[in-house]
Amino acid sequence: MQARPDAAKAIALRDPARVMRLARLGSFHQCRLSFMRILTRRMTRENWTFTRPVFDIDANGVGHAVYCAHTPDRTYSLVAFAHDLPAESRSDRVIAEAWDSTFTLFDGIPTAEDIARLRDNIPLQEAGRVTETELSVSRANRSVRLWKHVVSRLAAGRQPDVGELTKVGYLMRTTAVYGSGKLGAADREMIASRPECAAPFQIEMLSVFLTRAYVRDLAQHMANKRGGDKAVTLDPDIARCMGIGNSTGLGMAPFLVNHPNLINNWIAARETAIARVRNVASASASEVGVFRDLLARSTRSADLWQSEHPIQIEKLAVLRADLQKLTKHVETADFQSNRPWDRLFSWAEATLGLDGQECLASLMLEPYANLVDPLADQMSDADAVSFRINGAMTLAQLRRVLERNYRWALDTDWTAHDRCARVWYVSEEKLEPRLGERFEEPIADYEQPLAPGRDAAALYDALKSWDGDDPVAAFLLPHSEHRHMVRRAQIVERAPYAEIRDNTIGSDLLPIDMLRCKLAFFGATHFDPRSDRWVRICLFGNAPYPEELQSRDADDWPYPPLELARS
């Protein structure tokens, strides 16, 4: 039975000053509101169908394929180009110029003329050009050792070793999935009104979903070509445990600063979902059963999660220990009365580390689709008005806004070298964000406005000599250098989760915290930092393949099945 919250004593959303710290943002996990899960639920609910009208790839793995997703109203087609890439040309860096496979998501069904045009451009990626009929552009490289293992095993008539597969989790990893106007592709505004594109990044997630099917089919094709009649078909249960990898670096990190309204909507939706569940008066046996099952599967997922980075190794050890504590605590917990999820959440805040707390936050949402899933409709940003500065606001009001929302920044000594040690800039070669050392490199003149804390403190200091009754417009007329910070402060006043409440240029900054926050909303799992500024992840691991969406659970797939994990 679904109990009703007690509105008179409703538990509020968590304080942004607590949530929007980098260490916590860097401990987020996927949840029901992750974009991949929003997509698979929609595909299942609307009974999308899938076809593969073209698979023209030779024995050397060269050619192209087309995968079509048919929605109730239109068709999207992944056009994939397979290449025979020499080992010395394979690189995950953004400056690479060749890949094992390249892709575009096409709006509709491509003609032969479209394919010919795309063949001349998509394999070139940044060096090519596309049109508004292309919605995304991407590329991927093989995980070489695992690719060889799977293809050789299947060609020899044997299934791959599950233990080897779960160590890596994918046969190919993307190094970029570009959308929203990149390289000439369609701007988001062109498709934002389509229902299937309403939630963020749905086009990019669809591209990756179809890419995963292509990778499975390509590996099977290569095995069949090599093994002939001796080759066997990849077991569907084994195939399902393989997702698509992704290598992501600093280029993604500034997104959280550059899109304050959007980030607010993501975090606010998640925090609203958490608050709704914490307000549930009692939990039914079935709801508790779902939670306990997924807790066990989440524990197994943490056991399978591999990393060689010292920071992540330590975080994993704490998370695994915390999940054991949580499992033991849940064995005797009372879920029948007195807001059980709030009591459990409060226990976790007092007992577990940040990773364990945020893992529990995600798990708590799982039994409550009716409370959580509708919030997906609130996660995009269509508020163009938010970027208009309110020039009539008085400077006294602006000071109060800064004091409420940037107190941590106002209390920071920005003259200390360790507080402003880093500089965000854009590389001339690839036009990608980079992070340099302010006092070791001559890069300060190229700094990007990605330090809102320091800039808020500078704005607050500049306001001291002005009368509080003066309007913002009068102040900005001679001080246009503060326009961007005035705009941010006004956004944060009405969008409280819009701002990271931490230092983004300090010597102790870990950019991977920013990466993980965004990637967790995508639905990524098994974060594997390769340094403090780039990370490998897995997307759609354990998800159904297109032909399985109607026959398997298309929602709780991020949690690995216990029976396969033990085999």
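With a 4.5 Å cut-off on side-chain heavy atoms, Leu316 and Ser307 count as touching.
When atom types are taken as modelled, the side chain of Ser34 and the backbone of Cys31 share a donor-acceptor pair closer than 3.5 angstrom. Asn246 contributes no side-chain N or O that, together with a main-chain N or O of Ile537, makes up a donor-acceptor pair within less than 3.5 Å.
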Exercise for review: Go through the steps to decide whether Trp305 and Leu319 satisfy the test side-chain contact (heavy atoms from CB on, under 4.5 Å), and finish with yes or no.
Suggested key: CA-CA 11 Å; Trp305 188 343; Leu319 174 62; 3.7 Å; yes
Check your understanding: How far apart are the C-alpha atoms of Ser136 and Lys182, what are their side-chain angles, what is the distance that settles it, and do they pass the side-chain contact (heavy atoms from CB on, under 4.5 Å) test?
Key -> CA-CA 8 Å; Ser136 72; Lys182 184 83 170 185; over 6 Å; no
Practice item. Could you give me the CA-CA distance, side-chain angles and deciding distance for Ser380 and Asn265, then say whether side-chain contact (heavy atoms from CB on, under 4.5 Å) is met? Key: CA-CA 7 Å; Ser380 288; Asn265 294 349; over 6 Å; no
Review point. Should Val280 and Tyr368 be marked as a side-chain contact (heavy atoms from CB on, under 4.5 Å) after you check the CA-CA gap, both sets of side-chain angles, and the distance that decides it?
Key: CA-CA 10 Å; Val280 169; Tyr368 297 100; 4.0 Å; yes
Practice item. Show your working on ring pair (Phe, Tyr, Trp, His ring centres under 6.0 Å) between Phe540 and Trp557 and close with a plain yes or no. Key: CA-CA 8 Å; Phe540 286 110; Trp557 51 263; 5.6 Å; yes
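Shortest non-hydrogen contact noted between Arg419 and Ile505 is O-CG1, 3.7 Å. Listed here is the closest heavy atom pair of Gln30 and Ala524: CB-O, 4.0 Å. Nearest heavy atom pair, residue Gly251 against residue Glu432, reads CA-OE1, 3.7 Å. Contact detail for Trp414 and Ala409: the closest heavy-atom pair is NE1-O, 3.0 Å. Here the shortest heavy-atom pairing between Thr394 and Val472 reads O-CG2, 4.5 Å. In plain terms, the two heavy atoms of Met514 and Val257 that are nearest each other are CE-CG2, 4.0 Å.
Salt bridge Arg530/Glu308: absent, no basic N to carboxylate O contact under 4.0 Å. Electrostatic pairing of Arg536 and Asp528 does not count as a salt bridge here, judged by no charged N lying under 4.0 Å from a carboxylate O.
In Glu132, the CD atom is not crowded: 12 or fewer heavy atoms of neighbouring residues, nucleotides or ligands sit closer than 6.0 Å.
Taking the six-membered ring for Trp and thresholds of 30 and 60 degrees, Phe255 and His259 have nearly parallel ring planes, at less than 30 degrees apart.
Put simply, CG on Leu435 and CZ on Arg422 are 5.0 Å apart, with the number rounded to the nearest 0.5 Å.
Looking at Phe28, Phe521, Tyr497 one by one, the single match for ring pair (Phe, Tyr, Trp, His ring centres under 6.0 Å) with Trp266 turns out to be Phe521.
Under the 6.0 Å distance and 45° angle rule, Arg37 does not count as a cation-pi partner of Phe522. Figure legend: cation-pi geometry between Arg516 and Phe527, with NZ or CZ positioned under 6.0 Å from the six-membered ring centre and within 45° of its axis.
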